[in-house]
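Letters go in sequence order (proteins before strands), and every chain restarts at 1.
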Amino acid sequence: MWFLTIIFMINSELSSIFEDLADMEDIEENHWESIAYRKVAKSISMLTGDVLDLYHEKKLRNIEGVGSAIEKKIIEYIETGKISKYEILKEKYNIDFQSLRKIQGLGPKRIALLHLTLGIKNLDDLGAAIDSDRISKVPGFGTKSQEALKKAIEFYKSTGAGRIPLATCYDDIQKFFDKINSGGKFTELQIAGSARRMKDTVGDIDILSSSTIPEEAAKYFLGLEEIKHVIASGDTKISVILSLGLNCDLRIIDHKSFGAGLQYFTGSKEHNIRLRDIAISKGMKLNEYGLFKGEKVIASETEHGIYKELGLQWVPPELRENMGEVEAALENSLPELVDYDLIRGDFHTHTDATDGHSTFRQMVDAAIKLDYKFIAITEHSKSLKIAHGLDEKKFMARNREIEKFNEKKSSLRVLKGVELEILKDGSLDLSKGLLQEMDVVIGAIHQSVNDDIRNNTTRFVRAIESGLLTTIAHPTGRLLGTREPYHIDFDTVFQACKDNNVAVEINGFPTRSDLPYDLVKKAKSYKVNFTLGSDAHGTEQLKYLRFATAIARRGWLESKDVLNADLQFSKKFGK
DNA sequence: GCCGTTTTCGGCCCGACTGTTTTCAGTCG
């Protein structure tokens, strides 16, 4: 088992090494090398599979941005544990780039300068230099820079400067947005950036606006009580830290450029770079003000216009990651994504009978209020003691309760469900008779999760082959920020799901967001079905279903792929 | 250091804001 842990660390190790290399090449003024390393660092960090697998299959060049030189470096790292170029540079610049780079306002050049003049190597050194007023004396810095760095360190330490799950701050973002809107100073206002793309985590909030009275509008915005600190404030761009611990960028742009601005600020960066490439190849130029041919504006007012003039289908924000959507849009072959409004039922919820905090009745009432057509109540099974899992007898009582409710012919149908423990050897936690009585059986792994890839995969596959599962719950088991994904061979698992007509869950609970969207795409390639679930443990968490839908869309799913979607649900459950 | 439907060489997205300069480099998204 020990070596598997090491395998899984290789992706993140290589990614940090190339980040460091990029920073050091920046200092060395090797700008293009830096860009190349940074690109590879990013693509490795986004890989679903193992770099070591690609090494064995001699497919390292398949990683985006890896050419012959970087391929050699990766091989050198795997075979010797070191990259000589990295070691040499590391000797020259003995600096903790990883943490220093997270301080707003510090890039490679300034880090290098502080290292050279004051010998600053890490955050502690930096803090001490600020406290003893040494930064402001460094050429190129001044009292304002020093003060800004001090604030940036405070912000970094208070938030961990990490990205937070979108689902946990979505309501706050919406509330703040409504507040800005309520002032009546803006003619147009829209959330852009990763929140518009419905990415599972967000680092800041991007808001695009237009106004007939821009100065007044900016002043109004800066006066809002939610703003804790102003980082930058110009004519068209304001950057602030909100008291809820997030950065927020507001752009004020001319009404005529709103579409171009929205396209630009929605990103992703990689998607935008591709669009600019296409613009250049057509003899045009694309920026946040419009699409231009020479001085002439070709399109600027609407996003649709920009895409159309570039010869592309309009791309839904969720897909804008440069993961094949540009090619598909060029060929007019983008998927018809499953619509949020079509999802009116939840396959994964809990009540206070196990580890939830709302009653059965409260959950059902909340579902009716949301105009759901169905809700599956899926309590934990008996061996998950920490969550007070139910035994056969208690499930039977619960099932009678559900049948009684359904007799009343409510607009809502309640499905008899269980989130069933898949035991260590792949056997199931409840009897076959009971499971056959259930509408929804979600197979899950919560315990003994640190096994190796072969055992974990076999465990899942055995359960899938039992013929008793409807779907498999939060398949990777990752917990954002706290737990790495289980070691699982997903090709084998998805194939087994397809062969046994078992669906794959997309769990919208904020810290799970599981499957990740790239694995959704992979699962879709095996033509499996999907179930969406909020994993709500109380009525106020039912809203997480929307984020499961967002992941489905980011994973290119269409209505026909998702059992929650009206038509599919009727087919499967005969209603 | 990567990459190719004009290219195996010569490109590589583009603009805003800040602080410290005295016209611009560094950083950010």
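Atoms CZ (R276(A)) and P (dG29(B)) sit 16 Å apart, rounded to a whole Å. Atom CD1 of I231(A) and atom C1' of dG29(B) are 12 Å apart (whole Å). Rounded to a whole Å, the CD atom of E25(A) is 12 Å from the P atom of dC2(B). Distance CD1 (I83(A)) to P (dG1(B)): 11 Å, rounded to an integer number of Å. Remark: P of dT18(B) and NE2 of H229(A) are 11 Å apart, rounded to the nearest angstrom. L250(A) places its CG atom 15 Å from the P atom of dA16(B), with the value rounded to the nearest Å. Between I278(A) atom CD1 and dG4(B) atom P there is a gap of 14 Å when expressed in whole angstrom units. Atoms CG (N247(A)) and P (dG29(B)) sit 7 Å apart, rounded to a whole Å.
Within residues 254-275 of chain A, the residues having any heavy atom under 4.0 Å from DNA chain B are, by residue number, Y264(A), K269(A), I273(A). Scanning residues 126-144 of chain A for heavy-atom distances under 4.0 Å to DNA chain B yields G140(A), F141(A), G142(A), T143(A), K144(A). At a non-hydrogen distance threshold of 4.0 Å, G65(A), V66(A), G67(A), S68(A), A69(A), I70(A) from residues 64-71 of chain A come into contact with DNA chain B.
With a cut-off of 3.5 Å on both Watson-Crick or G-U wobble distances, the partner of dG10(B) is given as dC3(B).
A distance of about 25 Å separates the P atoms of dC28(B) and dT23(B), rounded to the whole Å. When the C1' atom is used for both dG11(B) and dT7(B), the distance is 9 Å, rounded to whole Å. Distance noted for atom P between dT20(B) and dT27(B): 14 Å (whole Å). On the P atoms, dT6(B) is 23 Å away from dC2(B), given to the nearest whole Å. dC17(B) and dC12(B) have their C1' atoms separated by 24 Å, with the value rounded to a whole Å. Comparing dT8(B) with dC13(B), their C1' atoms are spaced 24 Å from each other, to the whole Å.
Contact annotation for D235(A): backbone-only contact, meaning every heavy-atom pair under 4.0 Å involves sugar-phosphate atoms and none involves a base. Across all strands shown, K73(A) has heavy atoms under 4.0 Å from sugar-phosphate atoms exclusively, and none from any base. Among the heavy atoms of the strands, none lies under 4.0 Å from K39(A).
Along DNA chain B, the nucleotide nearest to I63(A) and the one nearest to E288(A) differ in position, and the one closer to the 5' end is contacted by I63(A). Each of D204(A) and I280(A) was matched to the nucleotide of DNA chain B holding its nearest heavy atom; the match closer to the 5' end belongs to I280(A).
For the salt bridge (Lys or Arg N to Asp or Glu O under 4.0 Å) criterion with E25(A), the lone passing option out of K109(A), K85(A), R38(A) is K85(A).
Counted within 6.0 Å of NZ on K219(A), heavy atoms from surrounding residues, nucleotides or ligands total 12 or fewer; the atom is thus considered open. Shown here is E336(A), whose CD atom has no more than 12 heavy atoms of other residues, nucleotides or ligands within 6.0 Å.
Comparing atom distances between the D277(A) side chain and each of dC13(B), dA16(B), dG19(B) picks out dC13(B) as nearest.
A salt bridge links D535(A) with R512(A): at least one charged nitrogen is closer than 4.0 Å to a carboxylate oxygen. D23(A) and R101(A) are joined by a salt bridge, as a carboxylate oxygen and a charged side-chain nitrogen come within less than 4.0 angstrom of each other. For the pair R197(A) and E318(A), the salt-bridge criterion is not met [side-chain N within less than 4.0 Å of a carboxylate O]. A salt bridge links K524(A) with E558(A): the distance from a Lys NZ or Arg NE/NH1/NH2 to an Asp or Glu carboxylate oxygen falls below 4.0 Å. Ion pairing of K521(A) with E321(A) is absent here, as no side-chain N (NZ or NE/NH1/NH2) approaches a carboxylate O to less than 4.0 Å.
With F141(A) as the aromatic partner, R110(A) meets the cation-pi criteria of under 6.0 angstrom to the ring centre and within 45 degrees of the ring axis. Because its NZ or CZ atom is both nearer than 6.0 Å to the ring centre of Y340(A) and within 45° of the ring axis, R546(A) counts as a cation-pi partner of that residue.
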Next item on the list: Could you give me the CA-CA distance, side-chain angles and deciding distance for L250(A) and I252(A), then say whether side-chain contact (heavy atoms from CB on, under 4.5 Å) is met?
Entry: CA-CA 7 Å; L250(A) 177 79; I252(A) 306 174; 4.2 Å; yes
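Although no hydrogens or angles enter the test, the distance criterion places a donor-acceptor pair under 3.5 Å between the side chain of N122(A) and the main chain of D125(A). The backbone N or O of L334(A) lies less than 3.5 Å from a partner atom in the side chain of Q313(A), making a donor-acceptor pair. Side chain of N287(A) to backbone of G290(A): a donor-acceptor contact under 3.5 angstrom is found.
The shortest distance between side-chain heavy atoms of S16(A) and F97(A) does not fall below 4.5 Å.
Every pair passing salt bridge (Lys or Arg N to Asp or Glu O under 4.0 Å) that includes a residue from residues 204-217 of chain A is listed here, sequence neighbours excluded: K185(A)-E216(A).
Look at S239(A) and you won't find any side-chain N or O under 4.0 angstrom from OP1 or OP2 of dC17(B). An OP1 or OP2 oxygen of dC14(B) is reached within less than 4.0 angstrom by no side-chain nitrogen or oxygen of N287(A).
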Item checked: Contact state string [nucleotides 22-28 of chain B, B base, S sugar-phosphate only, - no protein heavy atom under 4.0 Å] -> ----SSS
Please tabulate the protein-to-nucleotide N/O contacts below 3.5 Å involving nucleotides 5-11 of chain B, giving atom names and distances.
none

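Aromatic rings from Y289(A) and Y264(A) are positioned such that their centres are separated by 6.0 Å or more.
Residues E71(A) and V66(A) come closest through the heavy atom pair N-CG1, 3.7 Å.
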